[in-house]
Amino acid sequence: MDKFPAFLLLPFLCFFHSLFLSDADVTGNSSDPGLTLSADSLCAQLIEPNGYFCTEHTIQTKDGYLLALQRVSSRSGDLKVQQGHPVLLQHGLFMAGDAWFLDSTEQSLGFILADQGFDVWVGNVRGTRWSHGHISLLDTDKEFWEWSWQELALYDLAEMLHYIHAITSSKIFIVGHSQGTIMSLAALTQPDIVEMVEAAALLSPISYLEHVSAPLVLRMVAMHLDQMVLALGLHQLNFRSDVLVNLVDSLCDDHVDCTDFLSSITGQNCCFNKTRMNFYLEYEPHPSSVKNLRHLFQMIRQGTFSQYDYGVLKNLLIYGQFKPPAFDLNNIPKSLPIWMSYGGNDALADATDVQRTLEELSSKPELLYLDNYGHIDFLLSVKANRDIYNHMIGFFRSLEKSSSY
């Protein structure tokens, strides 16, 4: 069969979803030790050209990774006197903070929240373009990529929240998409993390992946793509490389129709603007780790929402038990307000798995179901502002009003 074009790999990012700065860049000239100054940054590339105030921040995780955070306010705002409630935007797999700013100022959630007066913070996990490596490891080191979404939740997201909480002295609204919701739900089961969170809004929420129906994803799992990549000696997943493009191409055979590659990965999207694909590819994809892919595949194969499964012997050494501990959704406080939006055409965040998540939570989240929405639509739909974001902002506003009494 003909090879599918490389630009079609962008939809793949929505499921599985570095520049190094000099010492002067990392330190900056501000009294805030986390403030970063750089001309080649997310602020400079996508946010400031649209007229928004933006500052770059660098934080260090407990295991030594240097992450980027951006702080954004409206075109009429001033970051020095930012009064709005802090909101942290957490991207999905093979994406980074730029994902929230890829469309117009009227369509991109990052711009919309800033224009609504929120104190917008943009997260970038380890290994992505905007984050800054590690204090001692190079990204060519195998050890640099020894992590999965478990570390992204318990180290990266946790450190972002600690930093924002310290700067703003306020609890934080979290917004996540796809893997960003996996991270959020796992992190919120931890008492020391959830105490910093005011509420969570989850787009295409995932804690279970047992009912994934995307045919190419199921093909990848059945063919053990994760093990194939390891056999090639790879620990970083970089879908800008010819090796991985060709490997995924080899899975498109008589068993899977990849003519519509988008639908074969995510389900049918109603409102995704495919004409902007070339622009998106100026920023996507971002790297991730093979271990992260393996962890996601474990979720599909085993139907679990658990820590990484190393196998019986290593599980005993690390966890003291045969199977990895589960992230117990019932540990998320009943008092924590949660809002979720999911779609009938989402072949990754399947409605059956979303229902299981809802059954295990002690609270009753507010729900917005859109029958015609697929996985990408929740991030890049041209109608998302009307269909989704207005509802989410209304949810946040209701909490702000209730807390003012």
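What you see is a predicted model, and the numbers here were worked out from it, not measured in a lab. Heavy atoms only: backbone and side chains are in, while hydrogens, waters and symmetry mates are out. Along the sequence shown, residues carry numbers from 1.
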Please confirm whether the backbone N or O of [Y] pairs with a side-chain atom of [X], one donor and one acceptor, at under 3.5 Å?
X      : Y      : value
Gln150 : Tyr308 : yes
Asp156 : Arg126 : yes
Ser264 : Pro215 : no
Thr181 : His177 : no
His85  : Lys171 : yes
His91  : Gln179 : no

[X] bridged to [Y] by N-O distance under 4.0 Å:
X      : Y      : answer
Arg75  : Asp115 : yes
Glu159 : Lys62  : no
Arg129 : Asp98  : no

Can you sort out the partners of Lys383 under side-chain contact (heavy atoms from CB on, under 4.5 Å), two or more places apart, ordered by chain and number?
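So Lys383 forms a side-chain contact (heavy atoms from CB on, under 4.5 Å) with Cys271, Tyr373, Ser381, Arg386, Asp387.
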When you compare the side chains of Asn50 and Thr105, does any donor N or O come within less than 3.5 Å of an acceptor on the partner?
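On atom types as modelled, these side chains do not qualify, holding no pair under 3.5 Å.
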Check Ile174, Ile172, Thr168 against Trp121 for a side-chain contact (heavy atoms from CB on, under 4.5 Å) and give me the one that passes.
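Only one option passes, and that is Thr168.
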